[in-house]
Amino acid sequence: QVQLVESGGGLLQAGGSLRLSCVASGRTFSSATMGWFRQAPGKEREFVAAISWSRGNTDYADSVKGRFTISRDNAKNTVYLQMNSLKPEDTAVYYCAAKYGSYLYATYDYWGQGTQVTVSS
């Protein structure tokens, strides 16, 4: 079992920056693929970014590419999402997720509780 806890959400103006953190416990963190997802009111949950156990592979949704950066610190069992040039359409609850299967094809097995990000114009 894995427990994930997100933090770092908040309210800010368009063009600003924010860094989300997710702390994992309960299972070996370094071997997990970590991902970030988000869900806006009335919309489906969507993929934002992912990073492999080796840190050599990252993927981003087209909507955030060039603005967001995913990273991890295995010594701290923590994954980060650095969000720059934020837009009102980035407003959502952001969720941290983990999986232990294939980086490309396995489904995510564990989820955090979410943290709210609100971007005003």
* Asked: After noting the C-alpha distance and the side-chain angles of Gln113 and Glu6, does the key distance pass the side chain to side chain contact (heavy atoms under 4.5 Å, CB included) rule?
  -> CA-CA 7 Å; Gln113 84 291 342; Glu6 304 97 332; 2.8 Å; yes
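Remark: Lys65 engages Asp62 in a salt bridge (Lys or Arg N to Asp or Glu O under 4.0 Å) (not counting sequence neighbours). In this view, Ser63 and Arg38, Ala61 satisfy the side chain to side chain contact (heavy atoms under 4.5 Å, CB included) rule, not counting sequence neighbours. A search for side-chain hydrogen bond (donor to acceptor under 3.5 Å, both in side chains) contacts involving Thr91 returns nothing, not counting sequence neighbours. Residues satisfying the side chain to side chain contact (heavy atoms under 4.5 Å, CB included) criterion with Ser71, sequence neighbours excluded, are Tyr80. Residues passing the side-chain hydrogen bond (donor to acceptor under 3.5 Å, both in side chains) test with Arg45: none are found, sequence neighbours excluded. The side chain to side chain contact (heavy atoms under 4.5 Å, CB included) check on Glu89 picks up Lys87, with sequence neighbours excluded. For Asn77, the side-chain hydrogen bond (donor to acceptor under 3.5 Å, both in side chains) criterion is met by no residue, not counting sequence neighbours.
Under the 4.5 Å side-chain heavy-atom criterion for Ile, Leu, Val, Met, Phe, Trp and Tyr, Val23 and Tyr100 are members of distinct hydrophobic clusters. Residue Val93 is grouped with residue Trp111 when hydrophobic side chains (ILVMFWY) are merged at heavy-atom distances under 4.5 angstrom, including chains of intermediate members.
Nearest approach of Val64 to Tyr60, heavy atoms of both residues: CG2-CB, 4.2 Å. The shortest heavy-atom contact between Phe47 and Asp59 is CZ-O, 3.7 Å. When all heavy atoms of Gly112 and Tyr95 are compared, the closest pair comes out as O-CD2, 3.6 Å.
Remark: Tyr103 OH to Met34 CE distance equals 12.5 Å, nearest 0.5 Å. Residue Phe68 holds its CZ atom at 4.0 Å from CG of Asp90, rounded to the nearest 0.5 Å. Rounded to the nearest 0.5 angstrom, Leu4 CG and Thr78 OG1 are separated by 10.5 Å. Within the model, atoms CH2 of Trp36 and CD1 of Ile51 stand 12.0 Å from one another, a figure rounded to the nearest 0.5 Å. In this structure, the separation between OG on Ser31 and NZ on Lys99 is 13.0 Å, given to the nearest 0.5 Å.
Sequence neighbours left out, the pairs with a member in residues 88-121 that pass disulfide (SG to SG under 2.5 Å) are Cys22-Cys96. Applying the disulfide (SG to SG under 2.5 Å) test to residues at least two apart or on different chains, none of the pairs has a partner in residues 60-92.
Of the possible donor and acceptor atoms, one in the side chain of Arg72 sits under 3.5 Å from a partner among the backbone N and O of Ser52. Without hydrogens or angle criteria, Gln39 side chain to Ala92 main chain gives no donor-acceptor distance under 3.5 Å.
Counting Ile, Leu, Val, Met, Phe, Trp and Tyr side chains that sit under 4.5 Å apart, directly or through other members, Leu11 stands alone, with no cluster partners. Under the 4.5 angstrom side-chain criterion for Ile, Leu, Val, Met, Phe, Trp and Tyr, Val5 has no cluster partners at all.
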Would you give me the side-chain donor-acceptor pairs under 3.5 Å for residues 12-20, sequence neighbours excluded?
residue	atom	partner	partner atom	Å
Ser17	OG	Asn84	OD1	2.9

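The aromatic rings of Phe37 and Tyr108 sit perpendicular, their planes meeting at an angle over 60°, well past the 30° parallel limit.
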